[in-house]
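Computed from a prediction, not measured in an experiment: that's the story for all the values here. We name chains A, B, ... by the order of the sequence lines, and we start the count at 1 in each one.
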2 protein chains.
Amino acid sequence: MTGRAADNVVQTITNRIHSGVLAAGDLLPAERDLMAEFDISRTVVREAVRVLASHGLVTAKPRHRPVVRKAGFEAALDAAGSIVGNLLQQPGGVRNLFNTRIMLEASLVREAALSAKKTDIAALKAALAANGDAIDDSEQFYQTDQEFHAVLYNIPGNPVYPAIHRAYSTWLAPQWGRMPRIADRNRINFSAHTAIVDAILLRDPDAAEAALRSHLAAAWDQVRLTFGDI
Amino acid sequence: MTGRAADNVVQTITNRIHSGVLAAGDLLPAERDLMAEFDISRTVVREAVRVLASHGLVTAKPRHRPVVRKAGFEAALDAAGSIVGNLLQQPGGVRNLFNTRIMLEASLVREAALSAKKTDIAALKAALAANGDAIDDSEQFYQTDQEFHAVLYNIPGNPVYPAIHRAYSTWLAPQWGRMPRIADRNRINFSAHTAIVDAILLRDPDAAEAALRSHLAAAWDQVRLTFGDI
DNA sequence: GTCGGTTTTTGGTATGACAAGACAGCAGGT
DNA sequence: ACCTGCTGTCTTGTCATACCAAAAACCGAC
């Protein structure tokens with residue numbers, strides 16, 4: 001049809017993965033088997049595999065058989081990651097991305113304040129407690145900080161959000177990771193987290209959003225202080 | 001080094017694009033020229049081009065020279081698109097994605113109610129008027145509906161949002177496009193749009209969010225009615 | 001200058017070959 | 001019998017070459 005022989009192979013294997021014939025973790029058939037099955041040259045087979053990999057359906061490590069990957073929104077965001085990484089290096093890129101994060105998390109805490117279930121509340125409290133215990137260990141604090149925010153992304157029960165959180169963490173890690181981490185800073189962040197949880201417990205979405213925005217705005221100021229205007 | 005010759009080429013060309021040596025719209029050198037320049041086989045060249053295309057840095061139509069693409073968040077979302085398309089076909093996929101859209105647009109209308117500028121208000125009114133004029137022309141109504149929502153995504157002035165809107169439109173078009181379009185339905189949607197704008201004009205974020213949620217929830221019910229549970 | 005056909009270029013595919021990493025099975029030592 | 005190290009095979013990564021068909025460039029007739 002469209003001059004692209006590999007597309008058929010990609011389509012077929014994609015279907016095969018979705019229908020479960022090829023399950024996550026399975027190995028793709030060897031290239032020569034595929035060329036026999038589809039009656040195409042190895043050139044096309046390799047191209048098809050390459051496309052499948054770029055679509056996130058398989059992971060192709062050099063010199064290894066491609067492994068079928070569990071489909072998920074994370075894979076989609078992984079694919080976008082390579083471009084986002086470039087965009088972040090142009091002026092305003094980080095700011096724009098971080099602003100979307102602020103807006104999204106503002107929504108999440110509103111949602112949490114309005115409809116967090118008991119288990120969500122428990123998870124929030126647990127994450128907050130872990131975060132508080134780690135104030136004097138900046139490495140640990142960073143970790144629990146991430147996990148605290150992750151709880152927020154989990155509350156709606158929509159798998160897209162955790163994937164987005166992972167993406168944010170990955171994309172913004174270069175900035176975050178290089179920021180100075182001191183106990184004082186941790187204390188401020190912890191109290192911000194506490195304020196957010198308190199507002200959620202009070203079922204007050206406006207207060208929760210305000211606390212969240214102030215928290216992330218402060219974090220952004222820190223980033224700007226560290227890196228200058230970006 | 002580690003077995004992937006194409007990576008060097010990808011890296012070099014990527015840099016070349018970012019540094020402006022290759023501007024948007026330019027054609028990539030012919031494959032045979034690239035193999036001469038990098039002293040590699042055509043196999044590797046083609047693989048590199050394929051990777052660049054999957055990264056969204058170039059568009060490679062069959063039988064045409066690859067064209068350098070303007071880097072942007074849209075390209076990033078395009079790259080994710082091929083995977084999202086698959087995810088939408090599994091149970092709950094569309095619902096999950098649509099829910100994120102509801103949440104995001106809820107945020108956007110809150111933001112609009114709180115801080116829309118005069119020009120934003122004017123754009124909203126214009127989009128609304130155009131939408132109202134198209135009630136009896138379902139094709140036109142669909143168009144102006146899209147544009148009305150697009151205005152919301154433009155208000156924050158963050159280029160990420162319009163890109164997301166385009167992505168939503170593309171991804172959800174298969175559902176939307178096959179929905180029955182009748183003037184009555186258009187009328188309901190138009191009055192929902194009006195309610196949203198009214199709330200924004202009143203600077204009432206809660207009302208705006210409520211109106212938006214009710215609007216999109218109704219739209220979702222329509223989708224479910226049309227397609228059954230998905 | 002425009003049009004239509006012809007030549008050249010260029011991408012898509014096939015084929016065969018070789019290098020090198022990964023892996024399994026075999027042989028030898030303990 | 002078990003562990004260890006080697007070797008042969010399998011598999012992927014890369015290269016070189018060739019052919020075809022589509023696109024683009026070219027060129028001559030009008």
Side-chain angles (χ1 to χ4, degrees), chain A residues 1-17 21-69 75 78-79 82, chain B residues 1-17 21-69 75 78-79 82:
Chain A
M1 279 285 189
T2 160
R4 216 122 207 168
D7 287 348
N8 294 329
V9 185
V10 170
Q11 196 58 45
T12 303
I13 296 185
T14 298
N15 289 338
R16 215 167 276 182
I17 290 174
V21 179
L22 287 169
D26 282 357
L27 297 176
L28 236 54
E31 294 180 354
R32 282 164 181 84
D33 292 342
L34 287 176
M35 44 187 290
E37 176 180 348
F38 290 94
D39 194 31
I40 51 179
S41 74
R42 218 178 125 209
T43 310
V44 178
V45 170
R46 290 184 55 74
E47 182 169 339
V49 170
R50 176 54 86 176
V51 171
L52 285 169
S54 80
H55 285 205
L57 290 167
V58 304
T59 60
K61 281 189 305 186
R63 307 262 166 211
H64 284 272
R65 299 270 288 281
V67 184
V68 176
R69 193 175 176 191
D78 275 1
S82 56
Chain B
M1 281 283 189
T2 162
R4 216 119 210 168
D7 288 347
N8 294 329
V9 184
V10 171
Q11 194 60 43
T12 303
I13 296 185
T14 298
N15 289 338
R16 214 166 275 183
I17 291 174
V21 179
L22 287 170
D26 283 357
L27 299 176
L28 238 53
E31 295 182 353
R32 286 166 177 84
D33 292 341
L34 287 176
M35 47 184 290
E37 177 181 348
F38 290 95
D39 194 32
I40 51 180
S41 74
R42 223 178 121 207
T43 310
V44 178
V45 170
R46 291 182 55 74
E47 182 169 337
V49 170
R50 181 55 92 171
V51 171
L52 287 169
S54 81
H55 283 6
L57 290 166
V58 304
T59 59
K61 280 187 305 188
R63 302 257 164 218
H64 284 273
R65 298 270 287 279
V67 183
V68 175
R69 195 174 176 191
D78 274 2
S82 55

(request) Check DNA chain D against residues 21-36 of chain B and give the residues with a non-hydrogen atom under 4.0 Å, in numerical order. (result) none

Can you tell me how far [atom2] of [Y] sits from [atom1] of [X], rounded to the nearest 0.5 angstrom?
X      : Y      : atom1 : atom2 : result
D7(B)  : T12(B) : CG    : OG1   : 10.5 Å
L28(B) : H64(B) : CG    : NE2   : 15.0 Å
I40(A) : R46(A) : CD1   : CZ    : 12.5 Å
L34(A) : R42(A) : CG    : CZ    : 11.0 Å
D33(A) : E31(A) : CG    : CD    : 10.0 Å

(message) Below 4.0 angstrom, which residues in residues 44-58 of chain B have at least one non-hydrogen atom near DNA chain C?
(response) R46(B)

(message) I'd like to know if R42(A) reaches the base of dG13(D) with its side chain such that a donor and an acceptor end up less than 3.5 angstrom apart.
(response) yes

(message) Show the nearest heavy-atom pair for residues V67(A) and G25(A), with the distance to one decimal.
(response) CG1-O, 3.7 Å

(request) Measure across A60(B) and A53(B) and return the closest heavy-atom pair with its distance rounded to 0.1 Å. (result) CB-CB, 4.2 Å

(request) Measure from the side-chain heavy atoms of P62(A) and tell me the nearest of dG13(D), dC23(C), dG12(C). (result) dG13(D)

(message) Looking only at the side chain of R63(A) (C-beta and beyond, no hydrogens), which of the listed nucleotides dT15(C), dA19(C), dG11(C) gets closest?
(response) dA19(C)

(message) If we check side chain to side chain contact (heavy atoms under 4.5 Å, CB included) with I17(A), which of these qualifies: N15(A), T14(A), I13(A), V21(A)?
(response) I13(A)

(message) Which residue is it: V58(B), V49(B), L27(B)? I am looking for the one with a side chain to side chain contact (heavy atoms under 4.5 Å, CB included) to R65(B).
(response) L27(B)

Just how far, in rounded Å, is [atom2] of [N] from [atom1] of [X]?
X      : N       : atom1 : atom2 : value
H64(B) : dA25(D) : NE2   : C1'   : 15 Å
D39(A) : dA14(C) : CG    : C1'   : 11 Å
D7(A)  : dG12(C) : CG    : P     : 11 Å

Could you run down the sub-3.5 Å N/O contacts of the protein with nucleotides 5-7 of chain D?
none

